[in-house]
Amino acid sequence: MKPAPFSYIRVATVEEAANALSEYTDAKLLAGGQSLIPLMNYRLSKPTVLIDLCGIEAFASVSLKDDVFTIRAGITHQSLHEHPLVRAYAPVLAECAGEVGHWAIRNRGTLGGSLAHADPASELPAAMVALDARFVLTSVRGERTVTARDFYLGLFTTDLAEDEILTRIHFFASSANRIHFAEIARRPGDFALSGAFVRVEESATEITWFGVSDMPYHLTLDALPVEEKARQALFTSLASTLEPLDQTVYRRKLAAVVAERAYLKGRRVQA
Amino acid sequence: MKTIQATQSITLNINGQTHSLDVEPRFLLSDVLRHKLGLTGTHVGCEHGVCGACTVLVDGKPERSCLVFAIQAEGSSVETIEGLSADGMTRLQRAFQEHHALQCGFCTPAFLLTATALLKQTKDPTEQDIREAISGNICRCTGYQFIVDAILAAAKGEEA
Ligand SMILES: Cc1cc2nc3c(=O)[nH]c(=O)nc-3n(C[C@H](O)[C@H](O)[C@H](O)COP(=O)(O)OP(=O)(O)OC[C@H]3O[C@@H](n4cnc5c(N)ncnc54)[C@H](O)[C@@H]3O)c2cc1C
Ligand code: FES
Ligand code: FES
């Protein structure tokens, strides 16, 4: 239950981090440590070099300009949850950030860490898929941008190359409109058994599920039936195609329930 | 950039006191508090962030000391249960005593620190606020109700 030895490097800029990451093989980035350190305590992960991003200046900034949100990867879940701009213009993101783990976890865990870790039951990767966000990945080779929808490849698997750092996230504030969120967890702060982001437009609907597949599961449909029975039957039939990692029948049921809850939340707010 | 070495000298600010020590980077803050500084009021249960027993305040906010390397705490001020009051007990501690908010006491330091941070930022918390704030702390004895009662009483300024 103690980590294996490693060397520790604290960097002050993204450039230094990118240099260190390309210089040392078997190095890992350390952000909030709320996923990595448990793995190291169990010795499931034994990096020989840790590059600590905590000291990077202004790595937690949020800005909103001409409808584009730019959030740097180092923001903690709690700051994202409390940030006035996020609360005002992307309330669904502020809301779901408050569901990530417990207070003490949120005070340290970061957006970039959660997005890169790609736990299938995590709220934030699914939020980014629902928002159709762009991730900026930085390395000594330069920068590239990928959409959240292309970034996730499978269980704990992303398009991030070994020498890349997720540095910024962009999305349109207007895309956060009309997205609503619901999840079911055994206790507050536990990983969700199932969760959904539902976006309802007049002629189309988007659903992004998490916790019920190996990665965020996004689909686009026509308008939803307004009639309750028909709508729930549709959610149930869509959920029956999901492939949860365990408790298949139960999680599919929950997936239909959270989709309906997110939908109803939206209808209440938009009414 | 720092050169890579097996142990590094660090300076930690714990309960307002400065400590200079040599640590391996892999040493968890919880272990350094307990084994190097003798501050055994910080308890260790699970070492993967789930039980909350190791919670300390870092720059005033609750964090898991089992999920922070001591070397990362350089430059922050850390508060442990030993630093909660210089003499005697705080109002919150007296409320815990009065309301029977502990039995074995293993979880208690972390509950006290978490609740202290809550009461600092939320003067008049609802029961729901309290339950949410302490949801990351496990107590196997009390069933939580007396802990909630104690925090509510301390928030209202009720003296035993
Ligand atoms: C008790 C407990 C409950 C939790 N509950 C939830 C929950 O309900 N929902 C949830 O979503 N999460 C939960 N988490 C996990 C938490 O959200 C973590 O904060 C998050 O998964 C990882 O973020 P981090 O900053 O701590 O990253 P770290 O642990 O530091 O890093 C995680 C991984 O991402 C890599 N990484 C970090 N930052 C970057 C970056 N900028 N670019 C590229 N790679 C990077 C690291 O190298 C590492 O591989 C929980 C954790 C605990 C301990
Ligand atoms: S010992 Fe740190 S949370 Fe359990
Ligand atoms: S008093 Fe025994 S665990 Fe809480």
Side-chain angles (χ1 to χ4, degrees), chain A residues 1-13 15-17 19-20 23-24 27 30-44 46-55 76 78-79 81-82 98-109 185-191, chain B residues 1-8 10 23-31 35 44-76 110 113-115 117-118 121 128-129 131-138 144:
Chain A
M1 293 298 284
K2 305 293 172 195
F6 59 84
S7 300
Y8 174 83
I9 300 171
R10 185 186 294 204
V11 293
T13 62
E15 199 186 351
E16 275 180 36
N19 285 335
E23 186 177 337
Y24 301 103
L30 174 64
Q34 303 302 287
S35 295
L36 183 55
I37 300 178
L39 291 172
M40 291 176 66
N41 285 353
Y42 277 111
R43 300 211 179 188
L44 293 170
K46 289 186 272 188
T48 55
V49 179
L50 276 193
I51 302 164
D52 189 353
L53 306 177
C54 290
T76 62
Q78 190 66 22
S79 304
H81 175 53
E82 291 173 1
E99 297 296 325
V100 177
H102 314 282
W103 189 20
I105 306 291
R106 291 195 296 273
N107 280 332
R108 213 164 169 100
R186 285 220 171 79
R187 302 174 310 163
D190 279 5
F191 276 100
Chain B
M1 199 181 286
K2 273 184 181 157
T3 48
I4 294 169
Q5 49 191 183
T7 57
Q8 283 177 229
I10 60 166
V23 296
E24 285 185 45
R26 69 191 183 110
F27 288 176
L28 299 167
L29 178 59
S30 47
D31 288 337
H35 302 310
V44 170
C46 67
E47 289 189 320
H48 62 279
V50 172
C51 74
C54 68
T55 305
V56 298
L57 304 184
V58 179
D59 297 326
K61 295 179 187 161
E63 288 186 8
R64 301 289 200 237
S65 62
C66 75
L67 297 186
V68 181
F69 295 111
I71 197 167
Q72 294 186 280
E74 264 204 307
S76 302
L113 289 167
T114 305
L118 172 72
Q121 72 167 46
Q128 183 63 25
D129 294 336
R131 287 189 181 273
E132 246 159 50
I134 63 171
S135 72
N137 294 70
I138 290 177
Y144 302 99

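In the text below, chain A, chain B and the rest are named by the order of the sequence lines, each starting its count at 1. These values consider heavy atoms only, across backbone and side chains, with no hydrogens, waters or symmetry-generated copies.
Heavy atoms of other residues, nucleotides or ligands lying less than 6.0 angstrom from CD of A/E15 number 12 at most.
Using a 4.5 Å heavy-atom cutoff, the side chains of A/K2 and B/D31 are in contact. Contact check for A/H102 versus B/T55: no side-chain heavy atoms found under the 4.5 Å cut-off. Side-chain contact between B/F69 and A/L50 is present, with at least one heavy-atom pair separated by less than 4.5 Å.
Considering every non-hydrogen atom in both A/N107 and B/P62, the closest pair reads ND2-O, 3.0 Å. What you find for B/C66 and A/I37 is that their closest heavy atoms are O-CG2, 3.8 Å. In plain terms, the two heavy atoms of B/Q72 and A/A31 that are nearest each other are NE2-O, 4.3 Å. When all heavy atoms are compared, the tightest approach of B/P25 to A/F6 is O-CZ, 3.4 Å.
With hydrogens and angles disregarded, a donor-acceptor distance shorter than 3.5 Å links the side chain of A/N41 to the backbone of B/E47.
Most heavy-atom pairs under 4.5 Å with chain B, from the set A/G32, A/G33, A/P5, A/P188: that is A/P5. Across A/I105, A/D190, A/L39, the residue that shares the most heavy-atom pairs under 4.5 angstrom with chain B is A/I105.
A/A4 touches chain B through its backbone: at least one of N, CA, C or O sits under 4.5 Å from a heavy atom, while the side chain does not. For chain B, the nearby part of A/D52 is the side chain; its heavy atoms alone come within less than 4.5 Å. Interface remark: B/E132 contributes no atoms to any contact with chain A (heavy atom separation under 4.5 Å). The contact between A/L30 and chain B is made entirely by side chain atoms (from C-beta outward), counting heavy-atom distances below 4.5 Å. The parts of B/L67 that come within reach of chain A are both its backbone and its side chain, each placing non-hydrogen atoms under 4.5 angstrom from that chain. With a 4.5 angstrom heavy-atom cutoff, B/L118 touches chain A via backbone and side-chain atoms both.
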What do the steps show when you test B/K61 against A/T76 for side chain to side chain contact (heavy atoms under 4.5 Å, CB included), and what is the final call? CA-CA 12 Å; B/K61 295 179 187 161; A/T76 62; 6.0 Å; no
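With sequence neighbours excluded, the residues satisfying side chain to side chain donor-acceptor pair (under 3.5 Å) with B/E63 are A/R108. Contacts of A/E82 classified as side chain to side chain donor-acceptor pair (under 3.5 Å), with partners at least two apart in sequence or in another chain: A/Q78.
Rounding to the nearest 0.5 angstrom, the gap separating the OG atom in A/S7 from the CZ atom in B/R26 is 12.0 Å.
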